[in-house]
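Only this structure's heavy atoms are used, side chains among them; waters, hydrogens and symmetry mates stay out. The structure displayed is predicted, hence computed values, not measured ones.
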Amino acid sequence: MTDVRITCITLSDTNAIHEHITHVGSPQFNPQGSKWTVAQVIAAIEKKEHTFHVTDEYGNTAYVGVVDPKDGRKKFIRTYADGKWNNNLLSLPQC
């Protein structure tokens, strides 16, 4: 299992009512290139193939988890640190 550091994100169409993350970027190996789709990240986490994380400028690490709203909406990814879900991914620069 490889631990993958996410360094940037790609958001959906900026004209949409609600933007969402469509891809994450990583300088580490990915068979499809330097970006992973959110679906690829979710599949890799659920299959326990990889873990994903972000690191801030102070060296603090937050791991990425899969959120399943169970209300008909699609699964999505979010960081988890200090026992809380948060939005560290949205603070990353655009890829």
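- Ring orientation note: the planes of Phe52 and Trp36 are nearly perpendicular, at an angle over 60° on the 30°/60° scale.
- For Asp56, there are no salt bridge (charged side-chain N to carboxylate O under 4.0 Å, His left out) partners, not counting sequence neighbours.
- By the side-chain hydrogen bond (donor to acceptor under 3.5 Å, both in side chains) test, Lys74 pairs with no residue at all, sequence neighbours left out.
- Applying the side chain to side chain contact (heavy atoms under 4.5 Å, CB included) criterion to Phe76, with sequence neighbours excluded, gives Val67, Pro69, Arg78.
- Within the 4.5 Å cutoff, the side chain of Thr55 has heavy atoms near those of the Arg5 side chain.
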task: Kindly determine whether Ile77 and Ile42 satisfy side-chain contact (heavy atoms from CB on, under 4.5 Å), including the steps that lead there.
output: CA-CA 7 Å; Ile77 56 175; Ile42 290 170; 3.7 Å; yes
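- Of all non-hydrogen atoms in Thr37 and Gln40, the two that sit nearest each other are N-OE1, 2.7 Å.
- One distance of note links NZ of Lys75 with CD1 of Ile45; it measures 10.5 Å at 0.5 Å rounding.
- Residues Leu90 and Leu11 meet the side-chain proximity criterion, which asks for heavy atoms closer than 4.5 Å.
- Every residue two or more places apart in sequence or in another chain that forms a side chain to side chain contact (heavy atoms under 4.5 Å, CB included) with Val54 is listed here: Ile6, Ala62, Thr79, Asn88, Leu89, Leu92.
- A search for salt bridge (charged side-chain N to carboxylate O under 4.0 Å, His left out) contacts involving Lys48 returns nothing, not counting sequence neighbours.
- Under the rule for a side-chain hydrogen bond (donor to acceptor under 3.5 Å, both in side chains), the partners of Thr51 that lie at least two apart in sequence or sit in another chain are Asp3.
- Partners of Glu49 under the salt bridge (charged side-chain N to carboxylate O under 4.0 Å, His left out) rule, at least two apart in sequence or in another chain, do not exist in this structure.
- Residues passing the side chain to side chain contact (heavy atoms under 4.5 Å, CB included) test with Thr10 are Thr22, His23, Lys35, Cys95, sequence neighbours excluded.
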